[in-house]
Trainee: 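Here it is: the structure, laid out below.
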Amino acid sequence: MADIAELRPARMASPEDAIQALQDGNARFFSGQATRPEVDANQRRAQIMGQTPFAAVLACSDSRVPVEIVFDQGLGDLFVVRVAGNVVGDAGLGTLEYATEHLDVHLIVVMGHEGCGAVAAAMLPEEQVAREPENLRKLIARIQPCVRDLPPIRDKKARMREAVLNNVRCQVAMLREQPVIQAAEARGQIRVIGAYYEIGSGAVDFLIEEEDLRP
């Protein structure tokens, strides 16, 4: 079995390599040239020996946002946390801490998407939110501060995009304040970035530079 494990592809060497791999994979996906990485029986068996994902992704649970497909990655490449509105909660944070401390990922991506229902809910009047179940209200409450002070944008689609991006930036900022992730970023093991997936085109816009990530 140890020999089989050697068949697993080499890991990315740096956060920059991980970013490039995701950018290249998404370019293949939205241009219709996805390779849909498949593995044979031996490679699947190699996964039993352990996992070596090169990036962790905090994404929305929306069924239209299949993370591995969007980035054209295969089994064992990505460590994915999915929750409505891609919000940072205790369980998700613990999962990302695990990925950072024990899986040695090089990248954490918070990815929002076009037409996010959770973000739209956070922009509703309080009386409408109050009608939702308790735990859903708690989730929405994590997003509301991120979309409270949007600039005046008349176009509804553009306003929604800005709300989703603001939420991504807020969640990135919250992650970067957590001691485990903060320390890993300080020592150069990981980078924490944002992304926005456009369902219509299939393209992902990456928020990599500090000015792009600032809430």
Trainee: Where is the tightest heavy-atom contact between Ala56 and Ala99, given as atom of each residue plus distance?
Mentor: CB-CB, 4.3 Å
Trainee: So, the side chain of Asn167 versus the backbone of Val147: is there a donor-acceptor pair under 3.5 Å, distance only?
Mentor: no
Trainee: Roughly how far, to the nearest 0.5 Å, is the OH atom of Tyr196 from the CD atom of Glu162?
Mentor: 10.0 Å
Trainee: Donor-acceptor pair, Asp72 side chain versus Thr35 backbone, under 3.5 Å?
Mentor: yes
Trainee: How about Arg169 and Asp212: do any of their side-chain heavy atoms sit closer than 4.5 Å?
Mentor: no
Trainee: Search all heavy atoms of Ile143 against all heavy atoms of Ala122 and return the closest pair with its distance.
Mentor: CG2-CB, 3.6 Å
Trainee: Any sub-3.5 Å donor-acceptor pair from Gln73's side-chain atoms to Phe71's backbone N or O?
Mentor: yes
Trainee: Sub-3.5 Å donor-acceptor pair from the side chain of Asn86 to the main-chain atoms of Leu58, do we have one?
Mentor: no
Trainee: Checking Asp62 now: which residues fulfil side chain to side chain contact (heavy atoms under 4.5 Å, CB included) with it, not counting sequence neighbours?
Mentor: Cys60, Arg64, Val65, His113
Trainee: Testing the 3.5 Å rule here: is there a donor-acceptor pair between the side chains of Glu185 and Gln178?
Mentor: no
Trainee: Between Arg142 and Val88 (side chain of the first, backbone of the second, donor and acceptor by atom type, cut-off under 3.5 Å), is there such a pair?
Mentor: yes
Trainee: If hydrophobic clusters are built by linking Ile, Leu, Val, Met, Phe, Trp and Tyr wherever their side-chain heavy atoms come under 4.5 Å apart, do Leu124 and Val119 end up in the same one?
Mentor: no
Trainee: Distance-only, no hydrogens or angles: does the His106 side chain make a donor-acceptor pair with backbone N or O of Met12 under 3.5 Å?
Mentor: yes
Trainee: Of all heavy-atom pairs between Gln189 and Val105, which one has the smallest distance, and what is that distance?
Mentor: NE2-O, 3.4 Å
Trainee: Indicate yes or no: does Arg161 engage Glu114 in a salt bridge with an N to O separation below 4.0 Å.
Mentor: no
Trainee: Which residue in the set Val172, Leu22, Val109 passes side-chain contact (heavy atoms from CB on, under 4.5 Å) when paired with Ile193?
Mentor: Val109
Trainee: Just by modelled atom types, is the Gly202 backbone N or O under 3.5 Å from a matching donor or acceptor in the Asn26 side chain?
Mentor: yes
Trainee: Are any side-chain N or O atoms of Arg28 and backbone N or O atoms of Ala34, one a donor and one an acceptor, separated by less than 3.5 Å?
Mentor: no
Trainee: So, Glu198 and Lys157, do they make that salt bridge, N to O below 4.0 Å?
Mentor: no
Trainee: Over all heavy atoms of both residues, which pair between Gly92 and Val81 is shortest? Give the atoms and the distance, please.
Mentor: CA-CG1, 4.1 Å
Trainee: Check whether Asp77 reaches the backbone of Gly74 with its side chain - one donor and one acceptor, N or O, closer than 3.5 Å.
Mentor: yes
Trainee: Salt bridge check: are Glu210 and Arg214 linked by an N-O gap of less than 4.0 Å?
Mentor: no
Trainee: Tell me whether Asp90 at atom CG has more than 12 heavy atoms from other residues, nucleotides or ligands lying less than 6.0 Å away.
Mentor: no
Trainee: Among Leu207, Ile208, Val192, Val110, find the one that has a side-chain contact (heavy atoms from CB on, under 4.5 Å) with Leu213.
Mentor: Leu207
